[in-house]
Amino acid sequence: AELEEVTAELSGLAATCLQRAYEVCGRQLQDEYGLPLETDEDGQQQTAEMTILGMGKFGGNELNFSSDIDLIYCYSSTNGETTGGSRGEKISLHRYFVKLAELISRALHQVTEDGFVFRVDTRLRPDGNSGDLAISMQAAETYYESWGQSWERAAMIKALPVAGSIPLGVELLQRLKPFIYRRYLDFGMIEDIKLMKQKINASLGREQEGQRNLKLGRGGIREIEFFIQALQLVNAGTRPQLQYRNPLRMLQLLQQEGLIAAEEQQLLSDAYRFLRTVEH
């Protein structure tokens with residue numbers, strides 16, 4: 001099978017495992033604390049929902065065999081509480097969904113006698129490791145509009161709802177579009193990407209490491225991704241057809257839009273396939 005088929009299959013496997021963990025852990029939590037009910041402005045109640053965004057290679061549908069999965073957990077509303085289950089205890093929706101996110105993460109990455117399912121990385125969430133594991137839609141919107149940084153804009157390009165409520169995830173990304181894709185030409189973003197690259201170079205330290213690191217080194221995977229993301233972030237606000245997650249497909253779209261030459265598209269695609277294959 002070609003690289004694209006293998007990585008798409010692995011991404012599909014991860015999404016299915018994540019969805020199953022979401023269902024099993026959700027039932028377990030509801031047994032303990034009851035249904036999570038949110039109340040709207042009219043006083044009507046309905047079941048609150050969670051969506052799980054896949055980031056990075058997971059969102060781009062291109063997981064490796066050795067990849068961990070980057071996740072952001074987001075839920076519909078903080079306005080409400082659980083009905084109280086076997087514990088007879090009602091808890092806030094925020095507390096409920098943070099518990100659910102913890103259970104799902106543990107179910108996937110906890111090492112048992114059979115190994116683990118997927119390593120889970122949640123550092124891309126708002127406020128990183130110091131932030132809550134799950135965040136409401138409104139809090140996410142406020143965070144990205146007020147404090148979202150350039151690297152978070154670049155990261156959100158690949159965000160994809162992969163489990164839980166897919167419609168809720170689609171709605172969230174729709175709301176965040178003005179943050180990710182600016183309507184005006186944003187050349188300051190290119191300077192920010194240069195700074196990100198300089199920080200990576202500094203972190204690699206020894207010159208030899210900078211040459212040999214497939215992902216972060218000179219001419220490596222991250223350089224191709226930064227090249228694509230810079231062109232996306234500058235142009236995709238006014239050209240929605242460039243709002244796409246997969247790097248190889250993006251290179252084709254950039255060529256179709258006349259932003260790179262056919263020779264450049266072929267060169268970068270071949271290099272990306274080669275590097276990702278070696279990475280496997």
Side-chain angles (χ1 to χ4, degrees), residues 2-4 7-8 11 53-64 67 70 72 124 144-145 148-161 170 172-204 210 213-279:
E2 292 196 349
L3 177 74
E4 291 94 323
T7 55
S11 303
L53 299 181
M55 308 290 288
K57 288 177 187 171
F58 194 7
N61 209 31
E62 46 165 357
L63 283 183
N64 277 4
S67 294
D70 293 295
I72 292 179
L124 292 179
Y144 287 114
E145 281 179 3
Q149 298 175 51
S150 294
W151 71 264
E152 289 173 305
R153 282 181 63 199
M156 290 304 288
I157 286 176
K158 285 191 176 183
L160 176 72
V170 171
L172 174 62
L173 291 179
Q174 195 61 38
R175 288 197 206 174
L176 295 180
K177 230 171 214 182
F179 162 70
I180 306 167
Y181 299 110
R182 302 280 159 84
R183 282 267 171 210
Y184 53 86
L185 286 174
D186 186 10
F187 291 107
M189 185 65 210
I190 294 178
E191 290 304 314
D192 287 345
I193 284 182
K194 281 183 187 175
L195 283 174
M196 284 188 250
K197 185 67 181 94
Q198 285 166 14
K199 284 180 183 175
I200 286 173
N201 291 348
S203 73
L204 289 174
N213 191 306
L214 286 173
K215 182 179 179 179
L216 303 175
R218 184 164 179 240
I221 293 166
R222 186 65 84 236
E223 286 198 355
I224 300 173
E225 290 177 334
F226 276 172
F227 174 79
I228 295 167
Q229 287 168 353
L231 287 169
Q232 273 184 288
L233 290 167
V234 170
N235 295 285
T238 51
R239 304 193 203 189
Q241 60 272 33
L242 293 176
Q243 295 174 12
Y244 203 81
R245 298 175 186 88
N246 183 275
L248 287 168
R249 178 68 183 131
M250 265 310 306
L251 287 169
Q252 293 173 346
L253 293 171
L254 289 169
Q255 193 224 319
Q256 288 169 19
E257 287 293 305
L259 291 167
I260 60 174
E263 184 186 357
E264 291 168 325
Q265 186 263 328
Q266 191 63 54
L267 188 71
L268 289 169
S269 296
D270 289 349
Y272 191 79
R273 278 197 185 89
F274 171 77
L275 290 165
R276 289 300 309 278
T277 304
V278 175
E279 190 180 35

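- Atoms CD and NZ, on Gln243 and Lys177 in that order, are 4.5 Å from each other to the nearest 0.5 Å.
- The 12-atom threshold is exceeded at CZ of Phe179, counting heavy atoms of other residues, nucleotides or ligands nearer than 6.0 Å.
- The closest side-chain donor-acceptor pair between Tyr272 and Glu62 falls under 3.5 angstrom.
- The heavy-atom pair separating Tyr181 from Tyr244 by the smallest distance is OH-N, 4.3 Å.
- Residues Leu160 and Asn61 are not in side-chain contact: their nearest non-hydrogen atoms beyond the backbone lie 4.5 Å or more apart.
- A pairwise comparison of heavy atoms in Leu173 and Pro161 identifies CD1-CD, 3.7 Å as the closest pair.
- Residues satisfying the side chain to side chain contact (heavy atoms under 4.5 Å, CB included) test with Glu191, not counting sequence neighbours, are Lys194.
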Can you give me every donor-acceptor pair (side chain of residues 222-231, partner residue at least two apart or in another chain, under 3.5 Å) with its distance?
{"unit_1": "Arg222", "atom_1": "NH1", "unit_2": "Glu225", "atom_2": "OE1", "d": "2.4"}
{"unit_1": "Glu223", "atom_1": "OE1", "unit_2": "Gly219", "atom_2": "N", "d": "3.0"}
{"unit_1": "Glu223", "atom_1": "OE2", "unit_2": "Lys197", "atom_2": "NZ", "d": "3.3"}
{"unit_1": "Glu225", "atom_1": "OE2", "unit_2": "Lys158", "atom_2": "NZ", "d": "3.3"}

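- Between Glu152 atom CD and Ile157 atom CD1 the span is 13.0 Å, to the nearest 0.5 Å.
- Annotation: the span from Arg273 atom CZ to Leu248 atom CG amounts to 5.0 Å, rounded to 0.5 Å.
- Checked by atom type and distance alone, the side chain of Arg276 never pairs as donor or acceptor with a backbone atom of Thr7 at under 3.5 Å.
- Of the possible donor and acceptor atoms, one in the side chain of Thr238 sits under 3.5 Å from a partner among the backbone N and O of Asn235.
- In this structure, CZ on Arg182 lies 9.0 Å from CG on Leu233, to the nearest 0.5 angstrom.
- The side-chain heavy atoms of Leu253 and Arg249, taken from C-beta on, include a pair separated by under 4.5 Å.
- Put simply, CD on Gln255 and CD1 on Ile260 are 6.5 Å apart, with the number rounded to the nearest 0.5 Å.
- Residues passing the side chain to side chain donor-acceptor pair (under 3.5 Å) test with Gln174, sequence neighbours excluded: none.
- Taking each heavy atom of Ser67 and Lys57 in turn, the nearest pair found is OG-CD, 3.9 Å.
- Residues Leu172 and Leu53 are in side-chain contact: their nearest non-hydrogen atoms beyond the backbone lie under 4.5 Å apart.
- Counted within 6.0 Å of CD on Glu2, heavy atoms from surrounding residues, nucleotides or ligands total 12 or fewer; the atom is thus considered open.
- Arg245 places a side-chain N or O within donor-acceptor distance of the main-chain N or O of Ala159, the cut-off being under 3.5 Å.
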Inset, instruction - Tell me, with the steps shown, if Arg239 and Leu259 meet side chain to side chain contact (heavy atoms under 4.5 Å, CB included). - result: CA-CA 12 Å; Arg239 304 193 203 189; Leu259 291 167; 4.0 Å; yes
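- Put simply, the side chain of Glu264 does not reach to within 4.5 Å of the side chain of Leu251, judged on heavy atoms.
- Using modelled atom types and a 3.5 Å distance limit, the side chains of Glu279 and Asn64 yield a donor-acceptor pair.
- Proximity of Leu124 to Trp151: side-chain heavy atoms (C-beta onward) are separated by under 4.5 Å at one or more points.
- Atom CD of residue Gln232 and atom CG of residue Leu254 lie 6.5 Å apart, to the nearest 0.5 angstrom.
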